**Student:** 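Here it is: the structure, laid out below.
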Amino acid sequence: MDSNSLFYSLELVAGSGNTLNVEQTTALQTSLVILKKNYKFHRVLFWGKILGLKEDYFIAQGRGEDEMKDKKTLYSFNCMDWMLLAPATDSVIEEVSKTAKGSFVGDPSYVYEHVEIHRAGGRNDAIQEEVVTKVNEESRLAVTVHQIDEEASVVPRGAYLRSPHGLVQINRSFGGLSHSEAGKLDNFLHFSKAKNLKKKSILEMGDLNPAIDFLDVLSDDIPKGSWSLQLECASRVLVLRSLLWPGLTFFHLPTTPQHGHIYIGDGRKNLDLPFMI
């Protein structure tokens, strides 16, 4: 959610229990302005909080000219001092998926270890070799933020435009979804590189506008039913909650451009969801 409207936005998602105390909110409103200036970001978003056993990680994201490609993630323990997270590469994602299990500790230098036994040779002369994979929690944090962004970041249809050159920017003329549109999952999109658009038929593609329909719709998600859509505050606020990543809450005020999402959770994916639906 945008740092410029943080205090107001937090109130809209408070029904999920996703909120911060006054001290944290006040610190964020000050530090995120400084962060924007120091890193020369076009805008700064408060991404959320990942809970740890010792400390919690507060996450912020800075956006550049291209909203999708020019993105940097930072974390803090006190909402004032921010440290840059390295991008999550494919090799790091693979290491983390093998190694890091359980709750976050709250220490970026904490090392997770995974031991694999590799056997070579025949039955009688088999040679056993131990392969140890190590990864620190800072890498796990970067991978978790990346995965949640890929699988659960949400925007209303029309909120962003893609130019013919591929530049993705905020649609300044977006006035919000109507009340009827806000009640349909088809009008909400994943703010990540599209994976399902190529699978659509020519007939389906003919109804799409390339400038705004360049993202995957939430209704195509597998498993079906991985999103909870509700109208709250006397039907003034549309709230979407991810069941795949518990703690991810998105809000949109119909007929206004105001929208955003926040994640406050333990950073663990609900892998049992297909068996729960």
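Keep in mind the model is a prediction, meaning the values are calculated, not measured.
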**Student:** Go through the structure and list residues passing side chain to side chain donor-acceptor pair (under 3.5 Å) with Asp70, not counting sequence neighbours.
**Tutor:**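 Asp70: no side chain to side chain donor-acceptor pair (under 3.5 Å) contacts found.
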**Student:** Using a distance-only test with no angle check, is there a side-chain donor-acceptor pair under 3.5 angstrom linking Trp227 and Asp221?
**Tutor:**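 Trp227 vs Asp221: donor-acceptor pair found between side chains.
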**Student:** Is the ring centre of Tyr263 less than 6.0 Å from the ring centre of Trp47?
**Tutor:**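 Yes, the ring of Tyr263 comes within the 6.0 Å limit of the ring of Trp47, centre to centre.
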**Student:** Under 3.5 Å, is there a donor-acceptor pair between the Arg241 and Gln230 side chains?
**Tutor:**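 Looking only at side-chain atoms, Gln230 and Arg241 do form a donor-acceptor pair, the distance falling under 3.5 Å.
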**Student:** Without hydrogens or angle criteria, can the side chains of Ser219 and Asp186 be said to hold a donor-acceptor pair below 3.5 Å?
**Tutor:**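 A pair is found: one side chain offers a donor N or O, the other an acceptor, under 3.5 Å apart.
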**Student:** Hey, are Glu138 and Tyr75 close enough side-chain-wise for a donor-acceptor pair under 3.5 Å?
**Tutor:**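 Judged by distance alone, the side chains do pair up.
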**Student:** Do Glu95 and Tyr112 meet the criterion of a side-chain donor-acceptor pair at a distance under 3.5 Å?
**Tutor:**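 Side-chain D/A pair, Glu95 to Tyr112: absent.
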**Student:** Indicate the ring-plane relationship of Phe250 and Phe188, choosing parallel, tilted or perpendicular according to the 30° and 60° boundaries.
**Tutor:**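 Phe250 vs Phe188 ring planes: perpendicular.
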**Student:** For Phe58, give me all partners under ring-ring contact (aromatic ring centres under 6.0 Å, His included), at least two apart in sequence or on another chain.
**Tutor:**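 Result, ring-ring contact (aromatic ring centres under 6.0 Å, His included) vs Phe58: none returned.
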**Student:** Start with the C-alpha gap between Leu141 and Ile59, add the side-chain angles, then the distance that decides, and say whether side-chain contact (heavy atoms from CB on, under 4.5 Å) holds.
**Tutor:** CA-CA 10 Å; Leu141 184 67; Ile59 313 292; 4.1 Å; yes
**Student:** Indicate the atoms forming the closest heavy-atom contact of Ser242 with Ala152, along with that distance.
**Tutor:**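 In terms of heavy atoms, the two residues are closest at OG-CB, 4.3 Å.
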**Student:** Check whether the side chains of Ser5 and Asp2 place a donor and an acceptor atom closer than 3.5 Å, and report yes or no.
**Tutor:**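 Per modelled atom types, Ser5 and Asp2 side chains form no pair under 3.5 Å.
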**Student:** Would you indicate whether Lys72, at its atom NZ, is surrounded by more than 12 heavy atoms from other residues, nucleotides or ligands within a distance under 6.0 Å?
**Tutor:**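 Counting other residues, nucleotides and ligands, NZ of Lys72 stays at 12 neighbours or fewer.
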**Student:** Could you check, using the six-membered ring where one of them is a Trp, whether Tyr160 and Phe214 have ring centers closer than 6.0 angstrom?
**Tutor:**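 When the ring centroids of Tyr160 and Phe214 are compared, they turn out to be at least 6.0 Å apart.
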